[in-house]
> 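Quick one: the structure is below, questions incoming.
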Amino acid sequence: MIEKPPLPVHNQMETRLTKRKAFFIKSCLATFCTFIFLATYSATTFLINTWFPRAEPDNPDALCPIVPKAHPDGIHSPKLIQYILNDDKFHREERDRLLGAIQIPTEVYDDMEIPKSANDSESLLKLEPRWKPFYKLHEYLEKTYPLAHKHLKVEKINHLGLVYTWKGGDSDKKPIILAAHQDVVPVQKATLDQWTYPPFKGGFDGEYLFGRGVSDCKNLLIGLLTTIELLLERGEFKPERTIILAFGYDEESRGTGAAEISKHLLSRYGADSILQIIDEGNEAYEEIEGLKLILPATGEKGYLDSVIELYTPGGHSSVPPKHTSIGIMAQLITEIENDAFSPLLTQVNPLMGELFCLAEHSPILDKDVKRNILKAQVDANANKQVVEYLDANLETKYLITTSQAIDIVEGGVKSNALPEHVSILVNSRISVEESVQDVIDKYHFHIESIAKKFNLGFILNGEEVIAPGKQGYFNYSLVEPLEPAPVSPINGESWNLFGGALRYLYEDLVFPKSNDTFIVAPFLSTGNTDTKSYWDLSRNIYRYQPGLPFKHSGVHSVDERLLFDGHFHIIAFYYYYLQIIDEADDAKF
Ligand SMILES: *[C@@H]1O[C@H](CO)[C@@H](O)[C@H](O)[C@H]1NC(C)=O
Ligand SMILES: *[C@@H]1O[C@H](CO)[C@@H](O)[C@H](O)[C@H]1NC(C)=O
Ligand SMILES: *[C@@H]1O[C@H](CO)[C@@H](O)[C@H](O)[C@H]1NC(C)=O
Ligand SMILES: [Zn+2]
């Protein structure tokens, strides 16, 4: 999991907005704004969203309807929920189970040989000994969860991926997938002495549990298996709907584990065959503008690494041309950086849904800001102002804008030799309204213009745009292109049941003495999870895990930790949610 930017609306933006308001009203020529506005919307989105707002029985006009709370009435052994949340012995045992998993260092590196290249575990370990801990983890899980391993079908996909299948009694019901990953990001040796507890030993200070992977995301993996084990131990719940646990092994690097699992599940169940997929993601809830928001990510930005190389003839540096390849590349870099992507906010972006929730339900959000948000899809000027204040803050800017960062540059080898090769890598995270092709087109344009200026050739992804000549050529290749994820809908039974069950968790179980309504709103993730491989399996993909909010999680860094009480929210939630979703009527989804 990649850490998310925090709040979408800050007080400082409000003030900025109020100050700038007059200016924007004056400066925005109506015709110009209307053009931008219409140009940025697909006609369908525009029609559906402006003329047919989401129908909700309680408040048909609401842009952010409050999902009805889903009570776990009629589940087996409802008392077990309190046991999960409060029993000391159970908590100690769970702590040991989680620490046991932390103590197996399933670190994943970008340069690891992928398991596919081996036929069996022996040859895989010969090829790449660093996979060894994953086999240890499998043994550990087998030992720790005997019932799950006895009653569920356990498949190893591509050697290391784990798929657990609890077959339901009714094959007409679409299965549900709960996902997590086995791997963790490596710990840098130089940081070892900065850890409160050794990262692969772990420790508990009475409140927080420490260790690499404790938060990202062995807590989820262990929590899910503990839930299944508990349900099996009680022996009361016999699912009608098939339950699948899917655990990849390289989420933190290439994601080949989830890709192979996805192929396997697609061949078994077919496309769009899964009711819901819930993976790691946003945790717990956030307090923003006086509201408590539960924010499952319903979308993810796209991704592209653009590698742009320039080859030019070498020579002695005592008789250089006016611009060496490094100088030419510098001009390209300048052009690319001077032409940043424009911010854009349409209703396709889950952030819009989150903003609607703030505008409709926040007791303290500035009135002008509210008004602008509520009109942002029908009034170009209001949209422009909302975009302006999101754009003004680095933390929210990239929720509405494709990013570009020149992250790597290489070139030249010697002080007296002209550089014959220079390359750059530009990393882009693509906003939901744009595509990989939009990003390529932009760099294509700039490379072509510089190539023409210096009489250079240009090859784009193996295709010749300008034939290479004596002066040399650009070679632009694409690495790991990923389109923005399809956005999961929030106007139906799937969202309502998931969100409604989460409301029950926080309102009735975690904070029974408070009267706060938790608002469930969609969210856009700027990073990617294993769900990037699962799009074809389900329309309803949520990246979210229950827990308690806390600061400084140390994810991907020193002293990764977890507020341990929150861990039991995962188990309590899935204990009843799996029973609720079992009963759900697929026809309504
Ligand atoms: C895997 O098995 C195939 C077929 O038996 C064989 O051709 C191939 O060389 C094997 N690969 C490795 C890496 O052992
Ligand atoms: C361009 O780059 C790609 C990717 O590195 C490489 O496979 C290809 O051979 C290069 N083409 C030329 C003409 O340099
Ligand atoms: C919650 O609501 C009840 C009934 O309206 C009221 O008696 C109680 O004081 C409220 N509690 C809090 C913490 O606001
Ligand atoms: Zn993760």
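Counting starts at 1 for both ligands and their atoms, following the listed order. In this text, all values refer to a predicted model and were calculated from it rather than measured experimentally.
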> Does the pair Y285 and Y506 meet the rule for a ring pair (Phe, Tyr, Trp, His ring centres under 6.0 Å), with working shown?
CA-CA 9 Å; Y285 61 90; Y506 286 105; 5.3 Å; yes

> Identify, for atom 12 (C) of ligand 2, the protein heavy atom at the shortest distance, and state residue, atom and that distance.
N475 ND2, 3.3 Å

> Do any pairs count as a side-chain hydrogen bond (donor to acceptor under 3.5 Å, both in side chains) and have a residue in residues 453-463, sequence neighbours left out, and if so which ones?
Q331-K453

> Quick one: do the E142 and H149 side chains pair a donor with an acceptor below 3.5 Å?
no

> With heavy atoms of I459 as the reference, note each atom of ligand 2 found under 4.0 Å away.
13 (C)

> Before giving the answer on side-chain hydrogen bond (donor to acceptor under 3.5 Å, both in side chains), spell out for Y249 and T256 the whole-Å C-alpha distance, their side-chain angles and the decisive distance to 0.1 Å.
CA-CA 8 Å; Y249 52 77; T256 64; 3.1 Å; yes

> Under 3.5 Å, is there a donor-acceptor pair linking the side chains of E300 and S525?
no

> Please find out if the Zn ion (ligand 4) and some N, O or S atom of C217 are separated by less than 2.8 Å.
no

> H567 and side chain to side chain contact (heavy atoms under 4.5 Å, CB included): which single residue from V214, L209, N219, T226 fits?
N219

> With a 4.0 Å cut-off on heavy atoms, is Y473 in contact with ligand 2?
yes

> Using distance alone, determine whether Y311 and ligand 2 share an N or O pair under 3.5 Å.
no

> Taking the Zn ion (ligand 4) as the vertex, what is the angle from OE2 of E280 to NE2 of H181, given to 10 degrees?
90°

> Which value, rounded to the nearest 0.5 Å, describes the distance between L478 atom CG and Y443 atom OH?
11.5 Å

> Are any non-hydrogen protein atoms located under 4.0 Å from atom 7 (O) of ligand 2?
no

> Taking backbone and side chain together, does D216 place any N/O/S atom at a distance below 2.8 Å from the Zn ion (ligand 4)?
yes

> Could you tell me which atoms of ligand 2, counted from 1 in the order shown, lie closer than 4.0 angstrom to a heavy atom of S477?
2 (O), 4 (C)

> Does E252 bring an N, O or S atom to within less than 2.8 Å of the Zn ion (ligand 4)?
no

